Amino acid sequence: MGEKVSLDAYLTNNPIEGALFFLGKKLSVKDDKGVVSGIIFETEAYGGAEDKACHGYGNRVTPRNKTLFQRGGIAYVYFCYGMHYLLNFVLGPEGIPMAVLIRGVWITEGKERVRERRKGIPEKHWADGPGKVTRSFGINDSDNGVSLIGDRIWVEYSGIVIPETEIKTTARIGVDYAEEWAKKPLRFVWEKK
DNA sequence: CTCTCGATTAGCT
DNA sequence: GCTAATCGAGAGA
């Protein structure tokens with residue numbers, strides 16, 4: 001079992017640094033039936049207040065996004081498209097809206113549990129999208145604001161060091177409305193060779 | 001109060 | 001590649 005990622009890693013004020021940092025790390029979520037874990041392979045960087053694709057754009061605080069303005073090290077979970085929960089890791093000091101969207105995870109532990117939750121879906125597609133990640137891990141709005149260094153959700157060092165050549169950088173997905181921010185290269189995918 | 005649309009997914013053509 | 005599914009947040013009246 002790897003060392004748990006401590007609070008310091010979440011307090012960066014650079015969302016790109018955060019998004020790259022969490023690639024290759026191991027995410028775990030525990031409930032009364034056990035633990036599901038997996039390696040994060042796709043992330044996107046959001047924030048701060050200038051990012052038109054970020055829910056905290058212009059420092060606009062609303063009931064939904066207030067978690068995003070809290071200090072890093074907690075989960076920002078929100079409901080989207082009427083049917084999906086999306087998981088983010090909040091970054092930075094209090095007052096600055098920054099986060100990493102967790103878009104893809106390779107499930108490594110608790111597979112029986114995920115097989116049940118993702119019934120009928122091939123393993124390859126269990127968690128290869130942000131809404132699929134939350135379904136595989138059983139995350140919902142009750143996890144909004146939960147610590148990422150706690151007993152429910154946590155992240156560990158996996159021992160993996162990803163060669164820079166295996167990290168693909170692209171524009172973020174689904175943010176076409178964000179004008180010039182829609183095209184910025186803030187999505188990071190580990191394409192394992 | 002009303003209306004629009006979204007940090008998506010799965011299934012079909 | 002195309003689109004139905006599905007509903008709450010947020011903005012404006």
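Per chain, numbering begins at 1; letters A, B, ... match sequence-line order. No experiment lies behind these values; they were computed from the predicted model shown.
Applying the 4.0 Å criterion to OP1 and OP2 of B/dA10, one finds that A/Arg118 has a side-chain N or O inside that range. A close approach under 4.0 Å does not occur between any side-chain nitrogen or oxygen of A/Tyr76 and OP1 or OP2 of B/dA7.
Looking at A/Trp181, its side chain does come within 3.5 Å of a backbone N or O of A/Glu50 through a donor-acceptor pair. Not one N or O on the side chain of A/Asn88 forms a donor-acceptor pair closer than 3.5 Å with the backbone of A/Val90.
Taking a cutoff of 4.0 Å between a charged side-chain nitrogen and a carboxylate oxygen, A/Asp51 and A/Arg172 qualify as a salt bridge. Between A/Glu156 and A/Lys25 no salt bridge is recorded (no basic side-chain N to carboxylate O distance below 4.0 Å). With respect to A/Lys30 and A/Asp151, no salt bridge is recorded, no charged nitrogen being found less than 4.0 Å from a carboxylate O.
Rounding to whole angstrom units, CG of residue A/Leu87 and C1' of B/dT8 are separated by 15 Å. Here the P atom of nucleotide B/dA7 and the CD1 atom of A/Ile102 are 17 Å apart, to the nearest Å.
Contacts of A/Arg187 with the nucleic acid, taken as non-hydrogen atoms under 4.0 Å apart, are absent. The residue A/Ile173 sits close only to the backbone: its heavy atoms come under 4.0 Å of sugar-phosphate atoms, none of a base.
A/Phe21 has its ring centre no less than 6.0 Å from the ring centre of A/Phe188. Proximity of the aromatic rings of A/Tyr78 and A/Tyr85 is defined here by a centroid distance below 6.0 angstrom, and this criterion is not met. Taking the six-membered ring for Trp, A/His84 and A/Phe79 have ring centres at least 6.0 Å apart.
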Legend entry - Nucleic acid footprint by protein, nucleotides 4-13 of chain C - heavy-atom cut-off 4.0 Å, B for base, S for sugar-phosphate alone: -BBB-SSS--
Legend entry - Canonical and wobble pairing (Watson-Crick, G-U, under 3.5 Å) of DNA chain B, dot-bracket with |: ||||||.|||||.
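Mapping A/His125 and A/Ala99 onto DNA chain B by nearest heavy atom places A/Ala99 closer to the 5' end of the strand.
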